[in-house]
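Down below is the structure, laid out as structure tokens.
Quick note on labels: first sequence line is chain A, next is B, and so on, each numbered from 1.
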There are 2 protein chains.
Amino acid sequence: MNIGEAARRSELPPKTIRYYEEIGLVTPARDTNGYRAFSESDVHRLVFLGRARALGFTIEDCRALMALWADSQRASADVRRIATDHLARIEAKIADLRAMQHTLSHLVSACAGDDRPDCPILQTLEHPG
Amino acid sequence: MNIGEAARRSELPPKTIRYYEEIGLVTPARDTNGYRAFSESDVHRLVFLGRARALGFTIEDCRALMALWADSQRASADVRRIATDHLARIEAKIADLRAMQHTLSHLVSACAGDDRPDCPILQTLEHPG
DNA sequence: CTTGACCTTCCCCTGACTGGAACCCCCATA
DNA sequence: TATGGGGGTTCCAGTCAGGGGAAGGTCAAG
């Protein structure tokens, strides 16, 4: 199948699929006219990639996960380690964002938001505390 | 003062300060030897930038905030709108990350993480639900 | 006079794509 | 047979907010 149908079936944009080929995550065959020819297993890999990316795994995580997926001798510990590391990064990011949210929501509720210039948001950026 | 001291006082890396000059967020004078000569108000602007960036505002948000900061005729509504928009983006991002965290933490706790190949993480990436 | 710390510009690199230009291929219709 | 449209292809450039490092100029101390 051509890239268009592979895109519909994997729910990934054609551009993304070409990029994944460029970095070696999929290697579709080629027709004589130069068009990419995707097999069912190529689509299967693309769907896997889409799900892993949707969970926030990096491309390099995806590469490692796909290698483990293909390896019937894998240790589930290796998969789990990738996931726990990723989970830790996510939780750190959530903590950062929640700190920003905390500060910002206080500032926003303290600001009148009218046509006068007085603004605790700017005051805090200038001199916090 | 030279960029090194401006960096220490603003707690921003010299590279970042040069970048901010390149995109027009600060415009330090120059000594005859070509070195940047930062004034107190330049440092003040850098500190403001550092705080705004620490709250997650984009560079373009910072540019707008600094323009409002410099404008004694500003309406606090304009400042507040920038902050509320940014807060909304942060909250959307937190929601995304929490969804990932939710799914990932379930997967991690379901995975034995031993030397056997059976792995609900890979199974779910292959066939969710 | 030399050493070492500082400063300068310049260019390339990051992640994970996205947009666009220029061009090729295939099928249907007038 | 022309042509129009909807595929496909490659390559280049841009995104965001800087970071790394090279090649070279400047300055104060020993």
Side-chain angles (χ1 to χ4, degrees), chain A residues 1-38 42-43 45-46 48-66 82 85-86 89-90 93 96-97 100, chain B residues 1-38 42-43 45-46 48-66 85-86 89-90 92-93 96-97 100:
Chain A
M1 91 195 67
N2 286 347
I3 199 170
E5 194 181 338
R8 276 185 291 280
R9 291 186 41 189
S10 63
E11 298 181 323
L12 292 174
K15 277 278 194 186
T16 299
I17 296 175
R18 292 193 189 99
Y19 173 65
Y20 288 171
E21 184 189 18
E22 186 187 332
I23 63 176
L25 291 181
V26 280
T27 49
R30 294 288 179 142
D31 284 340
T32 52
N33 60 10
Y35 287 18
R36 289 169 182 81
F38 291 84
D42 287 330
V43 172
R45 291 170 69 85
L46 289 172
F48 183 100
L49 280 167
R51 295 208 182 102
R53 292 288 300 128
L55 284 178
F57 285 106
T58 67
I59 289 288
E60 290 314 308
D61 284 343
C62 290
R63 197 188 298 280
L65 288 170
M66 289 185 70
I82 293 172
D85 288 357
H86 176 44
R89 288 194 301 269
I90 283 179
K93 187 122 204 169
D96 286 353
L97 289 172
M100 293 179 190
Chain B
M1 88 196 67
N2 286 347
I3 199 169
E5 193 180 339
R8 276 184 291 279
R9 292 184 41 187
S10 62
E11 299 181 321
L12 292 174
K15 279 274 192 186
T16 297
I17 297 175
R18 292 193 189 100
Y19 173 66
Y20 289 171
E21 184 190 20
E22 186 188 333
I23 63 175
L25 290 181
V26 281
T27 49
R30 295 286 180 144
D31 284 339
T32 53
N33 60 8
Y35 287 18
R36 290 170 182 80
F38 291 84
D42 288 330
V43 172
R45 291 171 68 84
L46 289 172
F48 182 100
L49 281 167
R51 295 209 182 102
R53 292 286 300 128
L55 284 178
F57 285 106
T58 66
I59 290 287
E60 289 314 307
D61 285 342
C62 291
R63 196 188 299 280
L65 288 171
M66 290 187 68
D85 288 357
H86 176 45
R89 287 194 301 269
I90 284 179
K93 188 123 203 166
D96 286 354
L97 290 172
M100 292 179 191

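- Annotation for Ala7(B) and Pro13(B): closest pair CB-C, 4.5 Å, computed over non-hydrogen atoms.
- Contact detail for Ile90(A) and Leu55(A): the closest heavy-atom pair is CD1-O, 4.0 Å.
- For Arg36(B), whose side chain is taken as the heavy atoms from C-beta onward, the closest listed nucleotide among dC7(C), dT8(C), dC17(C) is dT8(C).
- Tyr20(B) has no side-chain polar atom (N or O) that falls below the 4.0 Å cut-off from OP1 or OP2 of dA17(D).
- Contact of the Thr16(B) side chain with the Leu46(B) side chain is not registered, since no non-hydrogen atoms from C-beta on lie closer than 4.5 Å.
- Between Glu60(B) and Arg63(B) a salt bridge is recorded (basic side-chain N to carboxylate O distance below 4.0 Å).
- Picking from dT8(C), dG20(C), dG19(D) the nucleotide with the shortest atom distance to the side chain of Lys15(A) gives dG20(C).
- Ionic pairing of Arg53(B) and Glu11(B) is not present here: no N-O contact between side-chain nitrogen and carboxylate oxygen is shorter than 4.0 angstrom.
- Here dG18(D) presents its C1' atom at 9 Å from CZ of Arg53(B), a figure rounded to the nearest Å.
- Across all strands, Ile3(A) comes closer than 4.0 Å only to sugar-phosphate atoms, never to a base (heavy-atom distances).
- Taking atom CD1 on Ile17(B) and atom P on dG18(D), their separation rounds to 11 Å, with Å as the unit.
- Atoms CG (Asp61(B)) and C1' (dA17(D)) sit 13 Å apart, rounded to a whole Å.
- When distances are taken from the side chain of Arg30(A) to each of dA17(D), dC17(C), dT10(D), the shortest belongs to dT10(D).
- A donor-acceptor contact shorter than 3.5 Å is absent between the side chain of Asp31(B) and the backbone of Asn33(B).
- OP1 or OP2 of dT8(C) lies within a sub-4.0 Å distance of a side-chain N or O belonging to Arg18(B).
- At whole-Å resolution of the value, CG in Asp31(A) and P in dG7(D) are 17 Å apart.
- Among the atoms of the strands shown, none is found under 4.0 Å from any heavy atom of Pro14(B).
- Atoms CG (Leu46(B)) and P (dG18(D)) sit 12 Å apart, rounded to a whole Å.
- Position along DNA chain D of the nearest nucleotide to Tyr35(B) versus Glu21(A) favours Glu21(A) as the more 5'-ward residue.
- Looking at the side chain of Pro13(B), the nearest of the listed nucleotides dG19(D), dA16(C), dC26(C) is dG19(D).
- Here the nucleotide nearest the side chain of Tyr19(B), chosen from dA16(C), dG8(D), dA17(D), is dA17(D).
- Taking atom CD1 of residue Ile23(B) and atom C1' of nucleotide dG18(D), one finds them 9 Å apart after rounding to whole Å.
- Nearest to the side chain of Asn33(B), among dC26(C), dC27(D), dA17(D), sits dC27(D).
- Taking atom CG of Leu25(A) as the reference point, atom C1' of dA16(C) lies 11 Å away to the nearest angstrom.
- At whole-Å resolution of the value, CG in Leu55(A) and P in dA16(C) are 14 Å apart.
- Contact annotation for Phe57(A): no contact, since no heavy-atom pair falls under 4.0 Å across all strands.
- Distances shorter than 4.0 Å separate none of the side-chain N or O atoms of Thr16(B) from OP1 or OP2 on dA17(D).
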